[in-house]
Number of protein chains: 2
Amino acid sequence: MERMSRNIGLQLKKIRKERSLSLDEVAKATDVSKAQLAQIEKGEANPTVSTIWKIAAGLKISFSSLLQPPKIHFQKYSVDSSTYVSEENGKYRVYSIIPYDPERGWEFYKIEMDPGVIHKSEAHTEGVVETITVFEGQAVILCGEMKEQLMEGETLVFSANQPHQYENPTNSVTVLYLIIQYR
Amino acid sequence: MERMSRNIGLQLKKIRKERSLSLDEVAKATDVSKAQLAQIEKGEANPTVSTIWKIAAGLKISFSSLLQPPKIHFQKYSVDSSTYVSEENGKYRVYSIIPYDPERGWEFYKIEMDPGVIHKSEAHTEGVVETITVFEGQAVILCGEMKEQLMEGETLVFSANQPHQYENPTNSVTVLYLIIQYR
DNA sequence: CGATTTTGTTTAATATAGTATACAGTCGTC
DNA sequence: GACGACTGTATACTATATTAAACAAAATCG
């Protein structure tokens, strides 16, 4: 959520240092207060579009140069209770491994299906692609005309722009990994 | 300045209408209040990066899809007193025709130089290119080793990453047009 | 039709982004 | 080493972004 603010701060500081400007100078050039600039650089602020505009205009740079994340970059995610959702009376369990990020454009889930469970999904918007890998057990995937049975280790990629469903036809738990790519 | 906000509003409304969602639905998906969404769509708001983030994440879209201006687009500028700056005791007059815009990346000036005036400029950052056209009179441009005399109708393009100067060697007013391209 | 739900707008209250000011540490320069 | 100019930081205050709720205008459905 506030990763964006941190990025902006890092980029701003980087550009400022490259040009060896002081906070005062940037404040004068951009008409944004020194205090606010300091907070933005430290990632402790949540700036407004108009402030970002003023910074970009004052420094004669583009938006992307402020928004783009630093080259070297790593991020660690962990699955906890907050990332867990269950449906079908607890027989269909979803763990968010990597949540959606506007920069990235896709999200990553782990799904556990109890025996016999059928889960239905609405159509996504045009251009959404799902990639399902069966890690344990088997799964039957339906989407429009398509009906595919996936065995352990198999992967299916399909456009999810119509209603679709996942089914576990076996007598044991099935574990899937699901990547949803938007647009 | 608030052109950006208007763009975001238009894009948001466009996407929302494409998917035929109500403000309430978007509010629920993004965790941004309905009132705020309405204001943003009307361009009457100045949202925070975190709000934009929440909107992008909730709608599963990228930043660029929110920030990018609508395809057909026009803008009219006019030269008024607020765009006018004079230096060298009024003998060097600058009119901002098109101010810098982070989306565009360049700005456009008209300059009037009285006879004999010499105007010095600091070095710009790496990658800045100036394009000078003499509309009336003559001008001598110096930048590093370069020294060029421009006659009426001639244009000079040069990298402005070192201190440079413009001079009017004639007995009458010289009028120049100047485009500064950043990065 | 009239009742009920859904739409977007407006209002008042709250949270917080933004500013201006004062502060403390650093760097020269004499 | 004291002075001044300049750096970034912390504070109190103001402006405003954001929310929650009430509102009005359609749309839906019997």
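Chain A is the first sequence line, chain B the second, and so forth, proteins listed ahead of strands; every chain is numbered from 1.
In this structure, Y100(B) and Y182(B) have perpendicular ring planes: the angle between them is above 60°, well past the 30° mark.
Taking atom NZ of residue K34(A) and atom P of nucleotide dT11(D), one finds them 15 Å apart after rounding to whole Å. Rounded to an integer number of Å, the gap from CD of Q36(B) to C1' of dT16(D) is 10 Å. Counting to the nearest Å, the C1' atom of dT16(C) and the CG atom of N46(A) are 9 Å from each other. I52(A) has its CD1 atom 12 Å from the P atom of dA17(C), to the nearest Å. Whole-Å rounding puts the L37(B) CG to dA17(D) P distance at 15 Å. Taking atom CH2 on W53(B) and atom C1' on dA17(C), their separation rounds to 20 Å, with Å as the unit. Rounding to whole angstrom units, CG of residue D24(B) and P of dT5(C) are separated by 15 Å. To the nearest angstrom, C1' of dT9(C) lies 10 Å from CD of E44(B).
Among the protein residues, K28(A) comes within range of no part of the nucleic acid, since none of its heavy atoms lies under 4.0 Å from any strand. Counting any heavy atom pair closer than 4.0 Å across all strands shown, K13(B) reaches no nucleic acid atom.
Of the two residues near DNA chain C, K42(B) and A35(A), the one whose nearest nucleotide lies more 5' is K42(B). Sequence order on DNA chain D of the closest nucleotides to V32(B) and S22(A) puts S22(A) first from the 5' end.
Within 6.0 Å of the CD atom in E122(B), the count of heavy atoms belonging to other residues, nucleotides or ligands does not exceed 12.
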Original post:
Do N161(A) and V128(A) pass the side chain to side chain contact (heavy atoms under 4.5 Å, CB included) test, and can you show the C-alpha distance, the side-chain angles, and the key distance before you say yes or no?
Top reply: CA-CA 6 Å; N161(A) 55 346; V128(A) 176; over 6 Å; no
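The two residues S96(A) and Y109(A) have their closest heavy-atom pair at CA-CD2, 3.6 Å.
With respect to the salt-bridge test (charged N to carboxylate O, under 4.0 angstrom), the residues R19(A) and E25(A) do not qualify.
Proximity of R16(A) to the phosphate of dG8(D): a side-chain N or O atom is located under 4.0 Å from OP1 or OP2. Checking the phosphate oxygens (OP1, OP2) of dA17(C), no side-chain nitrogen or oxygen of T48(B) falls inside 4.0 Å. An OP1 or OP2 oxygen of dA20(C) is reached within less than 4.0 angstrom by no side-chain nitrogen or oxygen of S33(A).
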